[in-house]
Participant: 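Pasting a structure below so you can have a look.
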There are 2 protein chains.
Amino acid sequence: MNVMNASPRRKELTRLAAQLFVQEGFDRTTVRMLAQEMGIKSGSLFHHFRDKQEILAAVIEEGTQNALVIAREALARCDSSPLARLHAMARAHLETLLTDRNAHVVALYEWRRLDPEARAHLSHLRDAYEALWEEVIDAALAEGVIHGDRFLVSRFVMGALNWTVRWYDPDGPRSPDELADELVAMITRTAPAA
Amino acid sequence: MNVMNASPRRKELTRLAAQLFVQEGFDRTTVRMLAQEMGIKSGSLFHHFRDKQEILAAVIEEGTQNALVIAREALARCDSSPLARLHAMARAHLETLLTDRNAHVVALYEWRRLDPEARAHLSHLRDAYEALWEEVIDAALAEGVIHGDRFLVSRFVMGALNWTVRWYDPDGPRSPDELADELVAMITRTAPAA
DNA sequence: GGGTCAACCAAGCAAGCGCTAGTGTGACTG
DNA sequence: CAGTCACACTAGCGCTTGCTTGGTTGACCC
């Protein structure tokens with residue numbers, strides 16, 4: 001058994017688990033597959049994690065934590081113009097989503113598999129992240145950079161961005177930043193890119 | 001055993017399966033759960049479907065087929081103005097997504113669980129549907145109703161729309177049509193709604 | 001140099017899984 | 001009224017699942 005510590009070993013295992021969860025999905029990933037990927041036997045897994053659920057929670061927590069940090073840094077780094085902040089936020093979102101991809105795909109698509117306690121705990125993290133978005137969107141609305149219903153706009157934008165993990169090809173011609181800029185251009189009525 | 005017919009019994013079973021797949025996810029839905037929901041024993045299930053995979057394929061085929069029909073009707077019903085067609089398509093998409101919700105959530109989130117043959121077969125259906133979208137978006141781009149990269153715009157729009165299944169509350173204040181109109185307004189640079 | 005501790009292993013249990021085999025119906029059909 | 005058919009049942013096989021148990025190893029510590 002083990003406390004909920006963040007030993008380096010555990011961090012590494014979490015990273016590997018994220019990869020497998022993305023490849024196979026949480027339910028199809030067996031503890032034996034996880035163990036093999038980690039170079040240990042299945043029983044040893046339960047020294048690091050109480051049960052399979054806890055591995056999932058660790059993956060999602062890690063990913064969301066990172067997203068928060070990156071978004072906050074990006075916001076801190078840019079001036080207070082609503083348009084600039086919108087750009088920064090979109091870029092940060094895609095950067096996280098497409099570089100630290102695994103953890104985020106898991107967070108987006110395996111959320112339902114969390115047990116109620118883990119979900120409650122992680123909800124707070126997610127809410128904190130979404131609060132950043134709403135703040136930026138509120139400012140953009142207030143200044144007339146974008147228009148529409150506050151709630152709907154943020155949902156639509158999040159949808160468009162999160163959906164990228166389903167089709168984006170990192171080896172393709174477009175960088176995450178280009179994607180972000182194109183999306184912002186699409187909704188801000190400024191002159192089109194290109 | 002059974003051929004790939006579309007007996008009414010099978011259709012009803014497919015509908016029930018869709019509901020369970022949404023509630024529990026494909027992997028967590030056991031054949032015994034399916035059978036119980038259908039009021040039969042688990043063995044009897046395999047009279048209607050060759051295996052569990054085939055149930056999934058049936059659910060997705062049904063849903064995509066419906067989406068195609070609804071979208072085509074909606075397009076046929078409206079004039080040839082690109083903006084009108086954009087509205088019609090968005091409305092149709094959300095109507096399908098939010099009324100025939102179960103089948104579509106399965107199609108969106110359990111696609112990976114299909115075996116290669118089923119996936120190949122259903123890809124054609126999906127491509128046909130997406131072709132409708134690209135056609136409408138091309139026309140809107142050509143007429144300057146929207147701006148940006150053809151590929152990116154359609155992906156972003158699909159993302160925003162498909163994401164609705166994760167937050168939309170049918171008992172809430174907004175109708176699917178309002179959602180569709182708000183999204184179109186957001187990307188078309190016309191005067192904002194409300 | 002005995003004690004501690006994280007990390008790992010071998011072995012396996014109980015439960016649940018998808019699916020099969022063989023059989024029994026009652027409703028149509030020639 | 002024999003034959004066929006869709007539909008359902010009982011019973012269970014063979015396998016995989018998450019997880020447990022009891023024990024071993026090697027690095028560090030006073």
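If you're wondering where the values come from, they're calculated on a predicted model, not measured in any experiment. In what follows, chains are A, B, ... by sequence order, proteins preceding strands, each numbered from 1.
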Participant: Please give me every residue in residues 25-42 of chain B whose heavy atoms get under 4.0 Å of an atom in DNA chain D, ordered by residue number.
Facilitator: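 Contacts with DNA chain D under 4.0 Å: B/R32, B/I40, B/K41.
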Participant: Should the pair A/R166 and B/Y109 be classed as cation-pi, given the thresholds of under 6.0 Å to the six-membered ring centre and 45° from the axis?
Facilitator: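 Yes, A/R166 lies over the aromatic ring of B/Y109.
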Participant: Could you give the CG-to-P distance, from A/L56 to D/dG18, as a whole number of Å?
Facilitator: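 After rounding, the reported distance stands at 13 Å.
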Participant: Tell me the interatomic distance from A/K11, atom NZ, to C/dA6, atom P, rounded to whole angstroms.
Facilitator: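 Between P of C/dA6 and NZ of A/K11: 20 Å.
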Participant: Does a side-chain N or O from A/H48 land closer than 4.0 Å to OP1 or OP2 of C/dC8, or not?
Facilitator: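 It does, given that an N or O in the side chain of A/H48 lies less than 4.0 Å from OP1 or OP2 of C/dC8.
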Participant: Grab the NZ-P distance between A/K52 and D/dT17 for me, whole Å please.
Facilitator: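 Those two atoms, NZ and P, are 9 Å apart.
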Participant: Please table the atom pairs, donor to acceptor, closer than 3.5 Å between any side-chain atom in residues 128-135 of chain A and protein atoms at least two apart or in another chain.
Facilitator:
from: A/Y129; atom 1: OH; to: A/H93; atom 2: ND1; distance (Å): 2.6
from: A/W133; atom 1: NE1; to: A/H93; atom 2: ND1; distance (Å): 3.4
from: A/E134; atom 1: OE1; to: A/R150; atom 2: NH2; distance (Å): 3.0

Participant: To the nearest Å, give me how far apart CZ (A/F46) and P (C/dA6) are.
Facilitator: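 For the pair A/F46 CZ and C/dA6 P, the rounded distance is 19 Å.
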Participant: Does D/dC7 have its OP1 or OP2 closer than 4.0 Å to a side-chain nitrogen or oxygen of B/S44?
Facilitator: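 So the side chain of B/S44 is outside the cut-off, no N or O lying under 4.0 Å from OP1 or OP2 of D/dC7.
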Participant: What is the distance, to the nearest angstrom, from the CG atom on B/L45 to the C1' atom on C/dT20?
Facilitator: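 Rounded to whole Å, this separation is 13 Å.
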Participant: For A/D149, enumerate each residue passing the side chain to side chain contact (heavy atoms under 4.5 Å, CB included) test, keeping only those at least two apart in sequence or located in another chain.
Facilitator: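 Listed in chain order: A/F151, A/L152, B/R174, B/E182.
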Participant: Output side-chain donor-acceptor pairs under 3.5 Å for residues 60-70 of chain A, partner residues at least two apart or in another chain, one line each.
Facilitator:
from: A/T64; atom 1: OG1; to: A/I60; atom 2: O; distance (Å): 2.7
from: A/N66; atom 1: ND2; to: A/D100; atom 2: OD2; distance (Å): 3.2

Participant: Taking salt bridge (charged side-chain N to carboxylate O under 4.0 Å, His left out) as the cut-off, I'd like each qualifying pair that reaches into residues 104-123 of chain A, sequence neighbours left out, listed once.
Facilitator: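 Passing the test, one end in residues 104-123 of chain A: A/D27-A/R113.
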Participant: Starting from P on D/dC7, measure out to CZ on B/F49 and report it in whole angstrom.
Facilitator: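 These atoms are roughly 11 Å apart.
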Participant: Which is it for B/L34 and B/E37 under the side chain to side chain contact (heavy atoms under 4.5 Å, CB included) test, yes or no, and what are the steps along the way?
Facilitator: CA-CA 5 Å; B/L34 286 165; B/E37 195 74 13; 5.8 Å; no
Participant: Once you round it to whole Å, what is the distance between P of C/dA7 and CG of A/L13?
Facilitator: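 Answer to the nearest Å: 9 Å.
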Participant: If you only use heavy atoms from C-beta on, which nucleotide in D/dG18, C/dC19, D/dC7 is closest to the side chain of B/R9?
Facilitator: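 The nucleotide sitting nearest to the side chain is D/dC7.
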Participant: Please list, chain by chain and in numerical order, all residues satisfying ring pair (Phe, Tyr, Trp, His ring centres under 6.0 Å) with B/F26, sequence neighbours excluded.
Facilitator: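 Scan of B/F26 (ring pair (Phe, Tyr, Trp, His ring centres under 6.0 Å), adjacent residues dropped) gives B/F21.
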Participant: So does B/H47 get a side-chain nitrogen or oxygen closer than 4.0 Å to the phosphate oxygens (OP1/OP2) of D/dC5?
Facilitator: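 So the side-chain polar atoms of B/H47 never come under 4.0 Å of the phosphate oxygens OP1 or OP2 of D/dC5.
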